[in-house]
Amino acid sequence: MRRLLLAISFCAGLASGALAQSDEIEKNIAAQIQAFEADDFATAFTYASPGIQRLFQTPENFGVMVKRGYPMVWRPSEVRFLELRDVAGSLWQKVMITDIDGQVHILDYQMVPLENGWKINGVQLLGNSDPAA
């Protein structure tokens, strides 16, 4: 009985740690999207990993890329967080975004842990999807 209680406690601890991690990741992605909606590319840039920041060099370059390549992220109508997954040791947060035209897009955000919290290390557009599917 004692072992069972210890096992349950251990699993509950792991689950609460994963939940806290998921909450922090969702908050960071949501905050970046809010910054995009406000055209605050300087703030949005702070949620990107150092590698992404080196790639785009300035918040302005980053903003141009998002407006051209990810308009559904720049001006979403609705954002819904789906599952957080571990893929080959990397955490990926799936996000369903409905754009202003009602099109549904599924995106995958790769997250990396740094000293100052989770950062977005890349985004893959998985395509349009029917949310009922």
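Counting only heavy atoms from C-beta outward, the side chains of Q110 and V87 never approach each other to under 4.5 Å. Residues F36 and F41 have side chains in contact (heavy-atom distance under 4.5 Å, counting atoms from C-beta outward). Contact annotation: the side chain of I97 never approaches that of Y70 to less than 4.5 Å [non-hydrogen atoms, C-beta and beyond]. Using a 4.5 Å heavy-atom threshold, the side chains of N28 and I120 count as separate. S90 has its side chain out of reach of N121: every pair of non-hydrogen atoms, C-beta onward, lies at least 4.5 Å apart.
Cluster membership for W92 and L126, using ILVMFWY side-chain heavy atoms within less than 4.5 angstrom, is not shared. Clustering ILVMFWY residues whenever any of their side-chain heavy atoms sit less than 4.5 angstrom apart, transitively, puts I52 in a cluster other than the one holding V112. In the hydrophobic clustering of ILVMFWY residues, with side-chain heavy atoms under 4.5 Å counting as a link, L55 and L107 come out together. The same ILVMFWY cluster, assembled from side-chain heavy atoms under 4.5 Å apart, contains both W74 and V123. Residue I100 is not grouped with residue I106 when hydrophobic side chains (ILVMFWY) are merged at heavy-atom distances under 4.5 angstrom, including chains of intermediate members.
Pairs passing the salt bridge (Lys or Arg N to Asp or Glu O under 4.0 Å) check and including a residue from residues 60-73, sequence neighbours excluded, do not occur.
Nearest approach of A35 to A44, heavy atoms of both residues: CB-N, 3.6 Å. Between P76 and I33, the shortest heavy-atom distance links the atoms CG-CG2, 3.7 Å. In this structure, P71 and G69 approach most closely via the heavy-atom pair CD-C, 3.4 Å.
Looking at R85, its side chain never comes within 3.5 Å of a backbone N or O of L91 through a donor-acceptor pair. Side-chain atoms of Q53 come within 3.5 Å of backbone N or O of A48 as a donor-acceptor pair. Side-chain N or O atoms of D101 include none that pairs as donor or acceptor with a backbone N or O of Q103 at under 3.5 Å.
For the atom pair OG1 of T98 and NE2 of H105, the computed distance is 8.0 Å after rounding to the nearest 0.5 Å. Rounded to the nearest 0.5 Å, atoms CD (Q32) and OG1 (T43) are 10.5 Å apart. Atoms NZ and OH, on K119 and Y109 in that order, are 14.5 Å from each other to the nearest 0.5 Å. Within the model, atoms CD1 of I25 and CZ of F81 stand 10.0 Å from one another, a figure rounded to the nearest 0.5 Å. In this structure, Y47 OH and I29 CD1 are separated by 11.5 Å, a value rounded to the nearest 0.5 Å. Considering CG of D40 and CD of Q34, their distance stands at 11.0 Å, rounded to 0.5 Å.
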### Task
Walk me through it: do E26 and Q93 pass the test side-chain contact (heavy atoms from CB on, under 4.5 Å)?
CA-CA 8 Å; E26 288 180 14; Q93 174 65 59; 4.1 Å; yes

